[in-house]
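Below you'll find the structure, written out as structure tokens, and then a few comments.
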Amino acid sequence: MKFLFNTGRTIRQGSYVERKNAPSYREEASAIRMNPVDMFEMMVEEGDRVRVKSSTGEVVMKARADPGLVRGRVFCSLGPYANHIVSPETHGTGMPDFKVTEVEIEPTQDPVSSVAMLMGQCGGVPYED
Amino acid sequence: MRIEDVVCSFCGCLCDDLVVEVEGTRVINVENGCTLANEKFMGDHRLEAPIRRSGGKWEKVSYEEAIAETAGILLDADRPLLYGWSGTYGEAQTIGVHLAEVLGAVIDNTSTVCHGPSIMAIQEVGHPGCTLGQVKNRADVVVYWGANPVDAHPRHMSRYTTYCDGFFVKNAFRERKVVVVDVRETESSQVADEFVKVNPGGDYAVLSALRAIVRGKRDIIPPDVEGVSREQLFRVADMCIAAKFGAFFFGVGLTMAPGKNKNIRNAIELTEELNRHTKFTISPMRGHWNVYGSNEVFTWITGYPFAVDFARGIAFYNPGETTSVDILRRGECDACLVVASDPGAHFPRACAEHLARIPTVQIDPHVNVTTHLSRIQIPVAVAGIDAEGTAYRMDGVPIRTRKLFQGRYPDDLEVLEKIYAIVKEAKG
Amino acid sequence: MTPGLLIKNAFVIDPLSGVKGEIMDIAISNGRIVDEAPRDAEVIDAAGCLTLPGGIDSHSHVCGTKVNFGRYMSPEDMRAGRTARKGVMHVTSGYSVPTTFGNSYRYSTMGYTTVLEGAMAPLEARHTHEEFTATPHQDMLANTLFDGNWSIMEAVREKDVKRAAAIVAWTLAAVRGFAIKLTNPGGTEAWGWGEDVHSIQDLVPHFEVTPAEIIGTMIRANEMLNLPHSVHLHCNNLGVPGNFRTTLDTIDLVPDLNKERQSLYLTHVQFHSYGGSTWRDICSRSEDIARAVNGKPQVVMDMGQIMFGRTTTMTADGPMEFKLFMLHHNKWSNHDVELETGSGIIPVYYGRKSLVNCVMWSIGLELALLAKNPWQCLLSTDSPNGAPFVKYPEIIALLMSQRLRESERKMIDPRTEHFVPLFAIERELDWYEIAVMTRAAQAKALGITRIGKGYLAPGAEADVAIYPISPDQVDPSVDYQQVMAAFSRSRFTIKRGRVVARDGEVIVEGANSTIWSKAHVPPEYDMGTDPEFTKKFEQYYTVRMRNYPVQDVYLPRGLRIDTEASL
């Protein structure tokens, strides 16, 4: 299904910013909030993994129900998971389109990468503390 | 030891009324702080020592070695990028700018992915603003637009707006109307007197509609503007016009959404329009602690608040060209020094990939996403906890943070001064 | 510290020492003027060079929140003046609002060694001091804003001058301020509601005091504290046609309370000398103002000259900037400061084809030419409001040459002469008068001769400006181009005994001082423990009282002037 992907700050993401290798940060930053009816239609339940694809890339996230969201829209805390699929185009402003990425979402059995693994995919070398 | 009036170093609110209890080199209790402040002061997840990536592995190195190697990387580079700066204090930012000047580098701060578009709009139309106390003491209407203070600035409402009594507003909760404009429901929208739900990307049109109404052109407003009914637009505009003192606060919901700087320009022009009827101010909700300080420091030294390129000797500024995301996206820089921020987490993947490709050095107290992309990381004291210096609140009020204890880490200033000394020596 | 300097064969004008143009030597040791130079002193041959005490600007906007916002919002101005890093000089940007190093280098190469920042909001004082440190070649002083201070207005309402004095003493010490500044007193508080005051008898909303009462109380409080400078006033109604009446009413208020200096300093008086009632019939009332000042030795003013071209206006006078915005529809910034003051910024262009601008341009010059006593009218542009300070040499030339004024007359709106008396004035100022108006009178008015500023007699601070022009060989009335060139670029600028600039280039890293005032009050007047005063912090400020004062670390070379208050 197609969705409009939005990002923003959450208090949990903020709380965990100084331990980004920790599972708590991964849990929050990889959570994708969806309208419960959309989840129902996709046969996805709270905590199920989904693959989120944009024209820039794809990443595995965990679905989380949020009745405050209109159908067809999803929200994810800003961070490395969201940024895996956001285009770097800034239209001459320096600012990427963090608020309106068109994505396709489907259920998956693939695991959610750790932050370190995600950066490994970017060419980095995971540092485990 | 109990320390009062401690300044929080998390968000742009810079709350300065925290009471912190310290035992040795650890904070064991925080009073008056929000969740974010508690995590900031009580958390203790620091990187132990400088680390260096060698081949596919990480190893510990001494500070001297890490500093010398960093200076070497910067000296070797043709087009270094010095990015970050918002999590550190002004004195360190100052050295950063001088370092960029000597290197002929690009220096940029986190506004680039936060309120950079706001700055661009302000450069077009100005900024009618005020200090937060002005809002606290006077405002009877407060509008949060594309901002979610409950999550991002948890004490903004209790210190300055919704729940905060002031001199002319004795009972804020009753006397002060709060409007929230957003594309989705949030905890902030739930406490609003009026929630205006806009379609994604619809802010510009809604702002334009409000401007038209304030100008007296109600008859041209269609029944629905980007998901907002005409009736609600009239109601909100009337509320603003009737205000004795109104205050807009806007967040990255406006700066990152389609329209970006043009959204902000429109919001500022709406504020100007309202000033023909009453008193109105507008303020960006600056997020990352001392990001506004980095704008201030950059400006008094270079003339520009962010994205400053020294490659031609003079200070040159052109957002879209000299901004970090664009420089990284184009694969243009050949070394990067990251100070007090986390571009690995907050830049699009393509930028992270380039950071991994070039020698990236990070000066930061904690392991973060950028760590995995770096060649070297140098841990330092945390500004506002074991390092002190100047920070600028989101409204431009400068406050000096306190050093709560003497820790075992050098601070940003010390490390940067050493790098600067080596570079300056080499450059003559 | 260098061993010493000997400036030989200089053509010296040193008004405070009574030297009106003599060829003499000046000896310097340990940063001070001395009778005899140390034996190994470096020698500077200043033959044929006009040599003056270092220039002092007693009203300029160079550092702090609003100045930096002027830069922040104006990349076009930053582009209009930029230099690369060179030698010890950092990169600079900006024309009308240069970066701090830009200001410092440009002032220094013009022979200026001391600058007073015209407006510092106490709550944001730390910012001003940070920028002072980055303005390294001038000693800096900060006028501290009290125009909309709630505690002050409450004391005024209670007619309690001593309490007002005590509040000033606490605040100046807390923010490391130098003097009391009132900008549109009462008007900045009214602007908190989008209003203004329109005469010195208008009531300030809620506080129920008038500008006249604020000004009168503060003048007396200032003298009770024995502060070095007088109250420094930006009158109400700036820039409004017909405002000369407000200015005259204000001058009428001024008592004569101080034998050493004026009791009131009126700043940028050009902006306050307008006749007429609208922008169509605006005319010069400089004669009325000059007559009033000539008759009141207890008043000193500065010109606030405007010069044609682009600049940026910035002031604590928020409502005035909004009015200006309504006229120009250019970009507008405003920044109200809780419990204290306001501020506004807009860029402007003063055009020779604008009759209003031509009238303004004339008025500033008229004030200087009609003031009988040069010690009562100081040269300023309220930089950058009237023009950036780099225009001072041109203003000097205009004041010294009627011929130059006549040639300008041909360039401006031909109707101007019907609205101004300028072209009927034949007076041409001489070198001595210029020396008075650019340093000696500033030192006296600011009360800083006591720390050795503004003169060159033994004991004085060795701040010296040596200009490549010889007064006995140049007729400024004719050779005005040479006058401009000389004052634009000193041959040597010496700061505290060190050559800091030579022929337009700064050659050393600077190390300035920040001069501030501390009035010692009896313990019962210590506001730090006053319940009403501390309540302001507990309830209404958004910064805690303990976090408010500027720490010593912000003044690496602070220079405190102590006074005993007579309370």
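Chain letters run A, B, ... following the sequence lines, proteins first, then strands; residues in each count from 1.
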* **Which residues share a salt bridge (Lys or Arg N to Asp or Glu O under 4.0 Å) with Glu538(C), sequence neighbours left out** =>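 Partners of Glu538(C) under the salt bridge (Lys or Arg N to Asp or Glu O under 4.0 Å) test: Arg544(C).
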
* Please list, chain by chain and in numerical order, all residues satisfying salt bridge (Lys or Arg N to Asp or Glu O under 4.0 Å) with Arg159(B), sequence neighbours excluded. =>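 Per chain and number, Arg159(B) pairs via salt bridge (Lys or Arg N to Asp or Glu O under 4.0 Å) with Asp16(B), Asp17(B).
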
* Please flag which part of Lys244(B) lies under 4.5 Å from any non-hydrogen atom of chain C: side chain, backbone, both or neither. =>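 Lys244(B) touches chain C through backbone and side-chain heavy atoms alike.
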
* Pairs of heavy atoms under 4.5 Å with chain B: top-ranked of Arg85(C), His335(C), Glu195(C) ->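 Heavy-atom pair counts peak at His335(C).
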
Pick from [options]: which one has the most heavy-atom pairs with chain C under 4.5 Å?
{"options": "Asp5(B), Thr94(B), Asn295(B)", "answer": "Asp5(B)"}
{"options": "Ile122(B), Ile119(B), Asn137(B)", "answer": "Asn137(B)"}
{"options": "Tyr317(B), Tyr392(B), Phe298(B), Tyr160(B)", "answer": "Tyr392(B)"}
{"options": "Val397(B), Val125(B), Leu132(B), Val97(B)", "answer": "Val125(B)"}
{"options": "His98(B), Arg312(B), Glu124(B)", "answer": "His98(B)"}

* Donor-acceptor pair between Thr92(C) and Thr83(C) side chains, under 3.5 angstrom ->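 Side chains of Thr92(C) and Thr83(C): pair found under 3.5 Å.
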
* Using a distance-only test with no angle check, is there a side-chain donor-acceptor pair under 3.5 angstrom linking Glu338(C) and Thr131(B)? ->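 Yes - a donor-acceptor pair under 3.5 Å links their side chains.
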
Which atoms of [X] are under 4.5 Å from chain B, going by heavy atoms: the side chain, the backbone, both sets, or neither?
{"X": "Gln551(C)", "value": "side chain"}
{"X": "Val553(C)", "value": "side chain"}
{"X": "Met545(C)", "value": "neither"}
{"X": "Tyr548(C)", "value": "neither"}

* Which residues from residues 274-282 of chain B are near chain C, with near meaning under 4.5 Å between non-hydrogen atoms? ->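 Residues in range: Asn275(B), Arg276(B), Lys279(B).
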
Using ring centroids (six-membered ring only for Trp), state whether [Y] and [X] fall under 6.0 Å.
{"X": "His129(C)", "Y": "Tyr554(C)", "answer": "no"}
{"X": "His153(B)", "Y": "Phe249(B)", "answer": "no"}
{"X": "His127(B)", "Y": "Tyr72(C)", "answer": "no"}

* **Candidate pair Thr315(C) and Glu321(C), rule side chain to side chain donor-acceptor pair (under 3.5 Å), full reasoning** => CA-CA 8 Å; Thr315(C) 164; Glu321(C) 290 286 354; 5.5 Å; no

* Rounded to the nearest 0.5 Å, what separation is found between the SG atom of Cys130(B) and the CG atom of Asp395(B)? ->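 Here the rounded value is 7.5 Å.
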
* **Among Leu103(B), Val106(B), Thr322(B), Thr302(B), the one residue meeting side-chain contact (heavy atoms from CB on, under 4.5 Å) with Phe310(B)** =>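 The side-chain contact (heavy atoms from CB on, under 4.5 Å) with Phe310(B) is passed solely by Thr302(B) among Leu103(B), Val106(B), Thr322(B), Thr302(B).
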
* **Residues that Trp191(C) engages under ring pair (Phe, Tyr, Trp, His ring centres under 6.0 Å), provided they are two or more places apart** =>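 Expected list: Phe322(C).
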
